[in-house]
Q: 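The structure is given below, and queries will be raised subsequently.
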Amino acid sequence: MSNFIKTYDLSERITFIEKKNDKDKLGGNIVIDTVVFSCWASVQSQFLNEVKSTIGTILEDTLTFIIRYQQVAAIKNTMKIEWSNEIYEIVKINRGVARKDFTTIIAKAVS
């Protein structure tokens, strides 16, 4: 898929978020969402044939985020993506290790 992506296709800003342990005002432990980094992405929805074939699977209702391979932090499956005021859980990360050009991330909206 990334063979057809050009840099100018990366037109959507996405943010990677992960949970971190912190302290509240009283010194108690809390878990907060922390921004790891933001980057430009190409956001692609499923085609109709893909929608039909993914019904009832983990890939149902997913989006594909394509970003540059080189980022300021490593991307982990435990992170979430914020895009267009919605949060997405990462389902799969495909790093473009052969050409080191783009990383493809499949993610699902959090209900």
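Every value quoted in this text rests on a predicted model; they were computed, and no experiment measured them. In what follows, every heavy atom counts, from backbone to side chain, and hydrogens, waters and symmetry copies are set aside. Start at 1 with the first residue, then count along the sequence.
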Q: What residues join Val110 in its hydrophobic cluster, counting side-chain heavy atom gaps under 4.5 Å, either direct or through other members?
A: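 Ile17, Ile87, listed by chain and number.
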Q: Taking distance alone, no hydrogens or angles, what donor-acceptor pairs closer than 3.5 Å link side-chain atoms of residues 65-74 to residues at least two apart or in another chain?
A:
from	atom 1	to	atom 2	distance (Å)
Gln71	NE2	Arg68	O	2.9

Q: By side chain to side chain contact (heavy atoms under 4.5 Å, CB included), which residues pair with Thr34, not counting sequence neighbours?
A: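 Counting only residues at least two positions away or on another chain, Thr34 forms a side chain to side chain contact (heavy atoms under 4.5 Å, CB included) with Lys20, Ile32.
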Q: When rounded to the nearest 0.5 angstrom, what is the spacing between SG in Cys39 and CG in Leu10?
A: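 Atom-to-atom, Cys39:SG and Leu10:CG are 8.5 Å apart.
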Q: Side-chain contact, heavy-atom cut-off 4.5 Å: Ile105 with Tyr88?
A: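 Ile105 vs Tyr88: side chains apart.
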Q: Rounded to the nearest 0.5 Å, what separates atom CG in Asp33 from atom NZ in Lys80?
A: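 Rounded to the nearest 0.5 Å, the CG-NZ separation comes out at 7.0 Å.
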Q: Quick check for you: to the nearest 0.5 Å, what is the distance between Ile90 atom CD1 and Lys108 atom NZ?
A: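 Going from the CD1 atom of Ile90 to the NZ atom of Lys108 covers 14.5 Å.
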Q: Going by the rule salt bridge (charged side-chain N to carboxylate O under 4.0 Å, His left out), which residues pair with Lys100 if we only count those two or more places apart in sequence or in a different chain?
A: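 Counting only residues at least two positions away or on another chain, Lys100 forms no salt bridge (charged side-chain N to carboxylate O under 4.0 Å, His left out).
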Q: Taking side chain to side chain donor-acceptor pair (under 3.5 Å) as the test, write out the residues that go with Thr15, two or more places apart.
A: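 In terms of side chain to side chain donor-acceptor pair (under 3.5 Å), with neighbours along the sequence ignored, Thr15 is linked to Ser38.
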Q: Please go through Leu26's hydrophobic cluster and name the other residues, only I, L, V, M, F, W, Y counting, with side-chain heavy atoms under 4.5 Å joining them.
A: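 Reading the cluster by chain and number, Leu26 sits alone, since nothing else belongs.
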Q: Would you say that Arg95 contacts Ile93 through its side chain, given a criterion of any heavy-atom pair below 4.5 Å between the two side chains?
A: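 Yes. Closest side-chain heavy atoms under 4.5 Å.
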Q: Among all residues two or more places apart in sequence or in another chain, which pass the ring-ring contact (aromatic ring centres under 6.0 Å, His included) test with Phe37?
A: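 Counting only residues at least two positions away or on another chain, Phe37 forms a ring-ring contact (aromatic ring centres under 6.0 Å, His included) with Phe16.
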Q: How about Trp40 and Arg13: do any of their side-chain heavy atoms sit closer than 4.5 Å?
A: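 Answer yes - side chains close enough.
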Q: Applying side chain to side chain contact (heavy atoms under 4.5 Å, CB included), can you list everything that pairs with Val31, at least two apart in sequence or on another chain?
A: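 Counting only residues at least two positions away or on another chain, Val31 forms a side chain to side chain contact (heavy atoms under 4.5 Å, CB included) with Lys19, Asn21.
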Q: Which heavy atom of Asp9 sits nearest a heavy atom of Ser42, and at what distance?
A: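 Looking at all heavy atoms of both residues, the shortest contact is O-CB, 3.5 Å.
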Q: Taking only residues at least two apart or on different chains, which pairs with a member in residues 23-32 satisfy side chain to side chain donor-acceptor pair (under 3.5 Å)?
A: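 Listed by first then second residue: Lys23-Asn29.
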Q: Once rounded to the nearest 0.5 Å, what's the spacing between atom OG1 of Thr62 and atom CD of Gln44?
A: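 Separation between the atoms: 11.5 Å.
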Q: Which residues pass the side chain to side chain contact (heavy atoms under 4.5 Å, CB included) test with Glu12, sequence neighbours left out?
A: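 Listed in chain order: Val43, Trp83.
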Q: Tell me the closest heavy-atom pair linking Ile75 and Met79, and the distance in Å.
A: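 Scanning both residues, the minimum pair turns out to be CA-SD, 4.0 Å.
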